[in-house]
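Data block below; observations after.
In what follows, chains are A, B, ... by sequence order, proteins preceding strands, each numbered from 1.
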2 protein chains.
Amino acid sequence: MRILIQNVLLDGRTRDIFIDDGIVMEISEKCLQKADKIISGKNKAALPAFINGHTHAAMTLFRGYADDMPLKTWLEEKIWPLEAALTEEDVYWGAKLACLEMIKNGITVFSDMYWQWEATAKAAMEMGMRGFVSAVFIDMFDGRKSMEQIEHNIHLFEIAKKYEPHVTFTFGPHAIYTVSRESLEWMREFSVKEDILIHMHLAETEEETAFSREKYGLSPVEFLDSVGVLSNRFIGCHGCVLDEKDCSILKKRDSSLVHMPVSNLKLAVERMFPYSLIQEKGIPFCFGTDGCASNNHLDLIETMKFASLLAKFSTHDPTMMAARETFDLATKSAAGIFGLGDWEIKVGNSPDIILVDLARPELMPDFDLYSNLVYASNGYIVDTVICMGKVLMENRQVPGEDEILKNAVKTAKALVRR
Amino acid sequence: MRILIQNVLLDGRTRDIFIDDGIVMEISEKCLQKADKIISGKNKAALPAFINGHTHAAMTLFRGYADDMPLKTWLEEKIWPLEAALTEEDVYWGAKLACLEMIKNGITVFSDMYWQWEATAKAAMEMGMRGFVSAVFIDMFDGRKSMEQIEHNIHLFEIAKKYEPHVTFTFGPHAIYTVSRESLEWMREFSVKEDILIHMHLAETEEETAFSREKYGLSPVEFLDSVGVLSNRFIGCHGCVLDEKDCSILKKRDSSLVHMPVSNLKLAVERMFPYSLIQEKGIPFCFGTDGCASNNHLDLIETMKFASLLAKFSTHDPTMMAARETFDLATKSAAGIFGLGDWEIKVGNSPDIILVDLARPELMPDFDLYSNLVYASNGYIVDTVICMGKVLMENRQVPGEDEILKNAVKTAKALVRR
């Protein structure tokens, strides 16, 4: 599909952008190419789309079901009993709702870890997004379960081709306190052989570190390094409890992190993502919303504001994580981590593109677009979303929205009644 | 004006609400009253409107002009030079933009402290809002300046009647490091005589506390208590650096606080609002956005999420400041502080009312409206705003929006060029 965006603000100038099959072919003052679809960019700015580095998409089903509770009660009495009953159909509608919400907030790429892998993969493909989808891998240090999970993952890896190019299979070992060394060793081998990303919860709480020190005599990062699983294919999610040594290891292995400030605050973890240390070491990182049970909102613009403001507060330095840097972390840096190439809107690149509506009170005056985006806005400013060369949203309308909302709500209510 | 809202969700049930001259006259399943204006409440919930406990409305003009800078550079090199040149016309357009943005986010009441008092009062009145408007009072411990400011405030108090019932005159002593004891003593007397609220920055930074200890040998709260200025008419804005003793004094004097988490994080203050101590003492408090230079976004729903999540994180307890409590702080508690009576939508009360659109992906499923509001939404879910018995916004349309945007942007750009 050939898309022509006319008269849009791009890097401070009014431009036409011509996209053919997802590739930016021309950026000029007046583009004369023939297009299948012409979009007016008047009073809009073109930006690379947002990348959600970590979520559990289908947990939209549990939004608002059990908030403000202690973690243990929440998990054991509320979430796990519901999750144990989740069917593929349930996860499908939950993931569809998540995809709809993410598109509405200008997110075209998400990295997921959840049950019923195919349901999420199908949802991502149908919605036209890019999903890096992993199946939660938990063996609880049980050899039989480890074998089952390994077989299941091999099966998923094989069928994943059905969902290309929208879906990329990734490994999703849950955490160091739920996955055995043996399973991690197997994943390491398979991921090297097949070039698969490993997406894992890491260093979220002090309890996790205490577990690791007791079981292995090592920090979570040191343990994973001892297994040899850290590499440029490894993405650690959370990274709150990291010290200087952990960060040196992550840097040396070229591994990445996903920072999820909203989830961390809501679950009241003990420590905040050590931004200045991570920045100093040069460890690549991006942002994630986490799932809707621990954030409730899949809006990466909201997450950007939390991240930037917490970086300033935690370092007592208001110059930290400035607006443009924050925006780049949510787009360009994330694209680097997920191997999506140069995510800038330039000829020859193929970033997903969003148009944001500049005619909003909160975006005025327009001294600095990035500052306005990060500090004064939210997902509602996104008007148009283009992913892999197709228009997923225009004028904030996503095809099929009503059906998704109806079925997702029906599914969630039925789950609770079971 | 008689307004009939039909089939709206109110406290979990579908109801008609009949309002006459701002007073809720009937709440029933089917109201047969004749109305001048009928509003469909289908797929919407009726809620009391939000109250913004502290802002500097016209600072919308500086949004995005100078972010990510050290406080001193920001003030001395960027903000103060611009503020020194502000005309009444400038402040008027800045305040109009702020009012527009607040209405769009479901805020009908705001407490303001800024220059060019009449410009903000006029903006609040014209927009149909309720403004508690104070003139910044700064004398820098100079007797002559103190006299000037006192005369100016007496003048404003006298002309304030012009702006009733929309505007209430309040005192706005800037802070203990910019206002002399003598001026505060005068305000104390005048505020008792005329029943005027005193709205003051308080305990924002450790520097302020250090100043107070050096000059007066007392903490800021102890100093204000020694002046006798603390009472149920006193509203302290920020309240980050408060200890047990300060809180006991505030409680004893029946004074209130305004918590502004976004501003505090962005300016990277040393300490966070001590929520658990303040809650334990039972000091009334509400939320404020602060001005657009230190928050950038006048969205109290966003502020609620920051406040609730920071309360959880700072206490390491995810049950703290639960969703419903957070919502009540932003509405009912704030109404108590500003003397607006019972702010609940009940027959005989006269709260301002907003309708929020429930047909949004982020509000689904609908297990808990308050949880969805606080953790999953933002100002864009507000569809309709009713203030003092008049409809200020319907279907997200506010009359005169384009003119306000145009003039505010023109004003801001001209300011920078001066």
Side-chain angles (χ1 to χ4, degrees), chain A residues 60-61 63-65 67-71 74 97 100-101 104 262 264-270 272 292 295-299 302 305-306 309-310 312-313 315-320 322-323 359 361-362 364-369 371-372 375-380 401 404-405 408-409 412-413 416, chain B residues 60-61 63-65 67-71 74 97 100-101 104 262 264-270 272 292 295-299 302 305-306 309-310 312-313 315-320 322-323 359 361-362 364-369 371-372 375-380 401 404-405 408-409 412-413 416:
Chain A
T60 48
L61 297 174
R63 173 160 36 215
Y65 172 62
D67 290 310
D68 307 317
M69 301 178 77
L71 186 63
W74 174 70
L97 175 59
L100 172 63
E101 189 181 345
K104 289 225 156 189
V262 178
N264 298 152
L265 293 177
K266 184 151 183 274
L267 298 181
V269 299
E270 303 86 356
M272 189 39 64
C292 262
N295 174 340
N296 305 33
H297 200 190
L298 306 177
D299 182 350
E302 179 191 275
K305 184 165 184 174
F306 271 95
L309 267 50
L310 284 171
K312 298 176 201 313
F313 180 69
T315 56
H316 301 310
D317 182 350
T319 69
M320 284 285 140
E362 68 273 22
M364 310 236 171
D366 56 347
F367 288 126
D368 186 323
L369 176 60
S371 177
N372 281 351
Y375 302 132
S377 76
N378 55 50
Y380 271 94
E401 177 167 353
I404 296 170
L405 296 182
V409 171
K413 300 238 157 148
V416 175
Chain B
T60 49
L61 296 174
R63 175 163 31 219
Y65 172 62
D67 290 308
D68 307 316
M69 300 178 80
L71 185 64
W74 174 70
L97 175 58
L100 172 64
E101 187 181 347
K104 290 227 156 187
V262 178
N264 297 152
L265 293 177
K266 184 152 182 276
L267 297 182
V269 299
E270 304 85 355
M272 187 41 60
C292 261
N295 174 342
N296 305 33
H297 199 190
L298 305 177
D299 183 349
E302 179 192 275
K305 186 165 183 174
F306 270 95
L309 267 49
L310 283 172
K312 298 176 200 312
F313 179 69
T315 56
H316 301 310
D317 182 350
T319 71
M320 285 286 139
E362 68 273 21
M364 309 236 174
D366 55 349
F367 288 124
D368 187 322
L369 176 59
S371 176
N372 280 352
Y375 302 132
S377 77
N378 55 51
Y380 271 94
E401 178 166 353
I404 296 171
L405 297 183
V409 171
K413 300 238 158 146
V416 175

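When each of A:E302, A:K305, A:K266 is tested with B:K305 by the rule side-chain contact (heavy atoms from CB on, under 4.5 Å), just one qualifies, namely A:E302.
Considering every non-hydrogen atom in both A:N378 and B:Y380, the closest pair reads OD1-CD1, 3.5 Å. A:S371 and B:G64 make their closest contact through OG-CA, 3.5 Å (heavy atoms, listed as atom of the first residue, atom of the second, distance). The shortest non-hydrogen separation linking A:L405 to B:P361 is CD2-CA, 3.7 Å.
Contacts between A:M69 and chain B at a heavy-atom distance below 4.5 Å involve the backbone alone (N, CA, C, O). Both the backbone and the side chain of B:V269 come within less than 4.5 Å of a heavy atom in chain A. Heavy-atom distances place the backbone of A:D317, and not its side chain, under 4.5 Å from chain B. Both the backbone and the side chain of B:N295 come within contact range of chain A, with heavy atoms under 4.5 Å apart.
Not counting sequence neighbours, the partners of A:E101 by the salt bridge (charged side-chain N to carboxylate O under 4.0 Å, His left out) test are A:R63. A:K312 meets the side chain to side chain donor-acceptor pair (under 3.5 Å) test with A:S308, A:Y375, B:D68; sequence neighbours excluded.
We find the CG-CZ distance between A:L310 and B:F306 to be 7.0 Å, quoted to the nearest 0.5 Å.
You'll find the side chain of A:M364 stays beyond 4.5 Å of the side chain of B:T60, heavy atoms only.
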